[in-house]
Every structure is written in structure tokens, then in C-alpha cells.
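The structure under discussion appears below in the form of C-alpha cells.
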Amino acid sequence: MHARYAKWGLKMLRLKKIAVAFGLVTAAVSMSASVMAADWKGWNIHVTGYPNTVAMDDFARLVKEKTQGRIDLKMYHAGTLGNQSDAIEQVRLGALAIGNFSLGPIGPIAPEANVVSLPFVFSSVEQAFRAMDGEVGQKISDGLEKKGLIALAYHDSGSRSFYNTQKPITEPSDVEGMKVRVMNNDLYSGMITALGGNPSPMAFSEVYQALKTNVVNGAENNFPSYESTGHHEVAGFYSLSQHLIIPECVCINAKIFNDLPAADQKAVREAAQESALLQRKLWSERKVASREKVLASGVKINEIADDQKLAFQAAMEPVHKGFLAKNPELVSLVELIKNTK
Ligand code: GTR
């Protein structure tokens, strides 16, 4: 009898233990839903004070505020989480939640996004944004989503021009024989080859040293990046070819985004769009300030005459032809861009 009670007692004790444990688990689950935030990591290549850096910090702040702390985004700036091509893969895999990417290095994985990397495809930055804010931007976003990325908003990155250590570039033949750093995308290598130069694909963080040690003679970028990286200190000729206008995205891992409750999706999207407006405003100021700063440091900036701009365009035409031959389904998207007023 006694033994029986003892057994029963033991059983009750075990049940109690399970109940306590269960209770603790339930408490932890409800606590995680109400207290613990989702921790997201975000990648950005630019340094403190750069328009994108300021805007991405603002984005993180807005995300937290608009989700009442349910999402905590920590931004890692200055490329500390690796180079851009690797970071794009990390966001596609979901190891990083967010990236502030140029559509340039995304092009090799998403052909729709690659249309913006065709030289001279846009006629001006203003026209580019009219296109990006309309059907063209939508088609590019759809293409990105097929590859696991959702573009929440687009940032301004102005236009890219050539700069080098040797001389002003005024016509296509000036690029002949030059070693020019390009971003990772065959279209850019093709562009330099079409001019008779030697393309050198390289991570952004390596360009300063490469210019300084003559591993390359030149590169191409907008004024803010030319200035913020210090490239102007080692490559003092900036020639206004304006051959590329490449918008940038605030891109999120598609699964992370799609798994969010609708209210949080709305909050994250709104946060990206509000902070993108800040980026565009800061950009318009920084492009002027950077130009002034490099001029003051002794950089020689030269315009390229209209007929020579047309010559650059004609010389780069094989890049368009080659791309459209490989991607005939994108002919209509390129037409849509060209028909955007
Ligand atoms: C900058 C752009 C960066 C990066 C860089 C580069 O203009 O904002 O994301 O693409 O150019 O040349 O690598």
C-alpha cells in the first residue's frame, strides 16, 4: 500500500515537473512574441556621413519605431560585412536581412536589373527616376523578386564618369590601352573593351590602393564616391562622360519580408520609402559638395563635347547589341526606358 502511494506520489511529482516545464515554455513563447525583437543585420558599403549611410540609419530607426520595436535592424556600414557581390548573396540566402545595393553588381543575377547597366540607356538622372518610379521600376523589382530580393525603395546614385591618373579623357580613343577598374559585371568589362581599354573587375575597397600603385590607371564613379573614398587624391583627372546612371536599392530578403505580418510589411516598406526621400535630398546636396571638395583639392574636371559624347555612345553600342542578343525578352524593357520622357 505504502509503496503504491509512493509510486503515485512519484507520478504526480513527474507530472508536476512536466507542467512546470510546460508552463515555462509557454511563458517563454508568449514572452518572445511580445518582448523579443527580430534581429536583422543590414549591409552598406559607404562611410559615415555619406547620404546612403545617413538614410540607412534613419531607415533602421523608422523600422523600429513603426513596428513598435518588433524589428531591430542593426546597420553595418563601410563594407565591414564584406564586398558587395558577396553581400548580395548573403541577402539572397537570408544570412543578412537587408542590403543597400547598387543595381550594377546585382545585374549578373537578375537580367531585368541589368538593363540599367547598359551605357547611356537613360538620358538623364531625372528621366531615370521617372522610369524607376513607374513601370520600368516595377519590372525590375519583379525580376529581383524572382531571385529572392525585394526592392523596398530606390536611392539616387547620380551618374558615373571616368577618372584616371594620367590625363583628361575627351574622346573614346583616350581610353585605349588604359587599365580601368570596373564593378563586377561583364557589361562593364565589355564597355571598357569596346573602348580599347583593359577592364579590371575589383571590389570597391581595393580601388584606392590599386590606383595608387598603378595596378589600374583609372576607374569610374559619381562625385560623392570619387571623393568619399579619397580616389581623387590619387587619380586627379575627372572627365564628365556620364556614361552610366545606376540606381541603388534598399533590398530585403524576399522570404524574411513575405513571412512578416501585413502590418509589419507595410511598416518596413514605408520606412524604406521615407528614408529614400531623405537619401535623395542628401544626395542632391552631396553631389555639389563633393564636386567642390575635389576641385579645391586640385582635381582637373573636364566636360566632354556633345559630338564626343555621341562617339562614346556609338563605341559602346556593341554592349547593348550583345546584351539584347543574349536576352531578347528584354528588348521591350529597354524600349520602355528609351520611351520614358
Ligand atoms: C558606388 C556605389 C557602391 C558601389 C561603388 C563601386 O557609387 O554606391 O554601391 O557600387 O560605386 O564602384 O563599387
Side-chain angles (χ1 to χ4, degrees), residues 42-56 59 75-91 96 98-110 113-114 116-117 119 122 125 128 132 144 149 151 153-164 180-189 191-192 199-211 216 218-232 234-235 238 240-251 275-276 279-280 282-284 286-287 289-291 294:
W43 179 94
N44 164 39
I45 206 166
H46 293 292
V47 291
T48 308
Y50 200 87
N52 301 42
T53 307
V54 178
M56 290 308 284
F59 171 57
M75 283 305 306
Y76 292 82
H77 302 298
T80 44
L81 294 186
N83 71 42
Q84 183 147 217
S85 300
D86 289 346
I88 291 167
E89 284 312 306
Q90 296 292 305
V91 175
L96 297 175
I98 303 263
N100 181 209
F101 298 131
S102 162
L103 292 185
I106 288 187
I109 57 149
N114 226 3
V116 305
S117 290
F122 295 113
V125 174
M132 293 306 291
L144 291 173
L149 296 169
Y154 290 110
H155 283 181
D156 194 350
S157 190
S159 59
R160 297 172 76 101
S161 290
F162 290 116
Y163 52 89
N164 75 92
V180 184
R181 178 268 174 172
V182 290
M183 288 190 282
N184 273 313
N185 184 326
D186 288 348
L187 291 178
Y188 307 141
S189 296
M191 176 180 86
I192 301 301
S200 179
M202 190 182 291
F204 194 40
S205 57
E206 289 164 21
V207 186
Y208 180 89
Q209 206 53 29
L211 285 165
V216 294
E220 43 89 55
N221 221 316
N222 49 52
F223 275 118
S225 280
Y226 174 56
E227 172 262 307
S228 69
T229 49
H231 294 180
H232 65 289
V234 285
Y238 190 97
L240 288 160
S241 50
Q242 298 173 317
H243 52 278
L244 282 168
I245 293 170
I246 312 175
E248 307 198 350
C249 70
V250 178
C251 274
S275 56
Q279 191 275 346
R280 293 187 195 186
L282 294 174
W283 183 266
S284 63
R286 180 67 179 248
K287 68 179 183 197
S290 291
R291 184 189 171 119
V294 301

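Because the structure is a prediction, the values reported are computed rather than measured. Whatever order the structure lists them in is the order used to number ligands and atoms, beginning at 1.
Residues Trp283 and Pro224 have side chains in contact (heavy-atom distance under 4.5 Å, counting atoms from C-beta outward). Between Ile88 and Ile109 the shortest side-chain heavy-atom distance falls below 4.5 Å.
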Check: Stepwise, does the side chain to side chain donor-acceptor pair (under 3.5 Å) test hold for Asn221 with His231?
Finding: CA-CA 10 Å; Asn221 221 316; His231 294 180; 5.7 Å; no
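Partner of His46 under the side-chain contact (heavy atoms from CB on, under 4.5 Å) criterion, chosen from Thr229, Asn52, Val54: Asn52.
Near ligand 1, Ile45, His46, Gln84, Ser102, Ser157, Arg160, Arg181, Met183, Phe204, Asn221, Asn222, Ser225, Glu248 each place a heavy atom less than 4.0 angstrom from the ligand.
The aromatic rings of Tyr226 and His232 stand perpendicular to each other, their planes meeting at an angle above 60°, with 30° marking the opposite boundary.
A salt bridge between Glu206 and Arg181 is absent, with no side-chain N of the basic residue lying under 4.0 Å from a carboxylate O of the acidic one.
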